[in-house]
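Only this structure's heavy atoms are used, side chains among them; waters, hydrogens and symmetry mates stay out.
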Amino acid sequence: MKIDWAALGSVFGVSLVATVALVGLFTLGVVGLTKQESAATSGGSAVVARTGAYACFALCAAAVAYGIYLIVT
């Protein structure tokens with residue numbers, strides 16, 4: 001049995017980058033919802049913050065759905 005260390009390292013690197021990106025995107029969505037609440041009380045643009053947060057959550061859902069698609073097919 002021979003292990004292809006380069007391929008294993010490549011999979012690890014891509015997985016790490018994808019995980020950090022997905023967590024960062026979800027964090028931006030949560031921050032956007034928080035800003036939306038504070039913008040609503042101070043008269044700021046709550047609609048823009050809410051739209052950005054929903055876009056971040058939609059991209060997270062799309063990334064998870066694509067991952068599931070890759071596993072299933």
Side-chain angles (χ1 to χ4, degrees):
M1 180 180 195
K2 188 172 181 173
I3 298 173
D4 187 0
W5 290 104
L8 184 64
S10 175
V11 168
F12 175 75
V14 169
S15 299
L16 184 65
V17 168
T19 301
V20 169
L22 195 61
V23 169
L25 195 61
F26 189 83
T27 302
L28 283 176
V30 171
V31 169
L33 285 181
T34 304
K35 297 291 183 185
Q36 178 255 328
E37 290 175 359
S38 65
T41 58
S42 66
S45 60
V47 175
V48 174
R50 186 182 316 127
T51 304
Y54 289 161
C56 288
F57 292 142
L59 287 172
C60 285
V64 169
Y66 181 65
I68 292 171
Y69 168 77
L70 289 177
I71 291 171
V72 171
T73 60

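- Residues Phe12 and Leu8 have side chains not in contact (no heavy-atom distance under 4.5 Å, counting atoms from C-beta outward).
- Nearest heavy atoms, Phe57 versus Leu33: CE1-CD1, 3.5 Å.
- Under the side chain to side chain contact (heavy atoms under 4.5 Å, CB included) test applied with Ile68, the options Val64, Ile71, Leu70 reduce to a single match, Val64.
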Table please: side-chain donor-acceptor pairs of residues 16-28 below 3.5 Å, with sequence neighbours left out.
unit_1	atom_1	unit_2	atom_2	d
Thr19	OG1	Ser15	O	2.7
Thr27	OG1	Val23	O	2.7

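- Looking at every heavy atom in both residues, Gln36 comes nearest to Ala46 through CG-O, 3.4 Å.
- Minimum interatomic distance between Ala49 and Gly32 (heavy atoms only, all atoms of both residues): CB-O, 3.6 Å.
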